[in-house]
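Step one of this worksheet: look at the structure below.
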Amino acid sequence: MGYDERFGQQPRVGEDDSLHDECGVFGVWAPNRDVARITYFGLHALQHRGQESAGIAVGNGETVRVRKDRGLVSQVFTDADLTAMAGKCAIGHVRYGTAGGRGFDAAQPHFSLIDDVTIALAHNGTLVNTDGVRSELEELGVPFRSNTDSEVACELIGYFTKKSGHLRVGIRHAMQMVEGGYAMVLLRENALYAFRDPNGIRPLVIGALGTEGWVVASETCALDIVGATYVRDVRPGEIVRISDGGILSEQGIAPQPEAQCIFEDVYFSRPDTVIRGRSIYSMRYEMGRQLAREAPVDADLVIGVPDSGMPPAEGYAAQTGIPFGEGLIKNRYVARTFIQPTQEMREMGVRMKLNALSDNVAGRRIVMVDDSIVRGTTSKQIVRMLKEAGATEVHVRINCPEVRWPCFYGIDTDVQKQLISANKSAEEVCEYIGADSLAFLSLEGLRRCVPECGYCDACYTGRYPVTIPERFSAGKFLDGFTPEFPYDDGSRPGEKDAIANMELDAPAD
Ligand code: SF4
């Protein structure tokens, strides 16, 4: 689980309170279908990626209409809202944010007026150099409604589009200007665009609605729910445009060494999502088996911490022959605890959400499998809960390595000093959480359980695929921790041409 541990104080972009999201995006182009309802259900499938706010924008051939607000998808939209949003294409967004980023203006899609054309943008990820970009845009007279990096991207696209007269040129030049991890969907009145960062850090897939249209989404589970068939991933650096003219692809920016977020496989994505032909469930099950090979223990029952700890717990049990059973019951009607901003609220959230099943755990030696330990507070509470319910021993097994480095590409991990494994050895963490033993899956072991491709694993290794400007990371690293940027070719973020001086290419068609 670890949801509540992973997210705390907001990272800052330079000196402002910019927002950083783990979000879900969805888009559909299907002129003869109810695109607003398709988007609604797509967002439902992606709700695990963000519960703070939800929004849908619809293009009806003449203009773009946006409805968004704080809350779950089911709270933001009524049946009447969806009925009123008829159109031929749509995008949607679910957002995770913390204190300081809960206002309406931080909700997405963002929209921008380019002369008489409205565009709407939905973004999953974090841009690491938008502080400078924003200042430049402000100097050029562009107004902002929020502090989000996503709005900076939206306005940057708008600026270049206005200057060139072509939206695709606007997107392409914005991609060349911004740095970080992003998967974005953009809408105008008659077309849908989807594009992805050049390392492919954040996920984005394309699906077909038979012959009726196309869908793009953060995860394949959102294709399934709307009856779409997976076609392929949006490629790193690619721009996909879907309109009456069909589906077109162009390279917005040259691809860089692939660095797909490995935490998607460990924790973020839904178990029924498929990445590179393999379900997340099967990967997590394998992680459990590998964990059992690396860190076996004599015990009576293997339990998982719901939900993402369940598949690796099953794998651990299968590998060891120790019975698998339920040891923790989850209240499914409590919102995921990581949306709660204070430590006190988080701790209350754990108690509201989980309870030990004493019938199963009393008098038994328990192996408790979970997906990560970030601050350690949740693990500590769960171990205590199990012992109070009568467990004689609690052995904690984590299906990924120690999280020791902050993430700058769309995940709200804490500053490094709040990551327990950056500050304590595994033995000290074990003592802190009150477990009888603790083991983490090795990085080599984790890589054996996921498809072969280029991954970002910076939160375990400190090897970051995209260079982080010092202004962005100021105060985030502990003394003695020096991040590595193995793909840095010397053109560091923030050293781009000035926005006003950029020469714009002709459109690709
Ligand atoms: S640092 Fe970690 S969470 Fe962030 S993109 Fe890389 S693997 Fe994912």
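Both counts, for ligands and for their atoms, begin at 1 and track the order of listing.
Cation-pi geometry between Arg172 and Phe160 is not met at under 6.0 angstrom from the ring centre and within 45 degrees of the axis.
Between Phe408 and Phe477, the distance from one ring center to the other falls under 6.0 angstrom.
Under the rule for a side chain to side chain contact (heavy atoms under 4.5 Å, CB included), Ser135 has no partner lying at least two apart in sequence or in another chain.
Closer than 2.8 Å to atom 2 (Fe) of ligand 1 sit the protein N, O or S atoms Cys459 SG.
Side chains of Met310 and Lys330 form no contact here, defined as non-hydrogen atoms less than 4.5 Å apart.
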* To do: List the steps and the verdict of salt bridge (charged side-chain N to carboxylate O under 4.0 Å, His left out) for Glu258 and Arg235.
  => CA-CA 10 Å; Glu258 188 180 39; Arg235 297 185 191 103; over 6 Å; no

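Salt bridge status for Arg232 with Glu238: present, with a side-chain N to carboxylate O gap under 4.0 Å.
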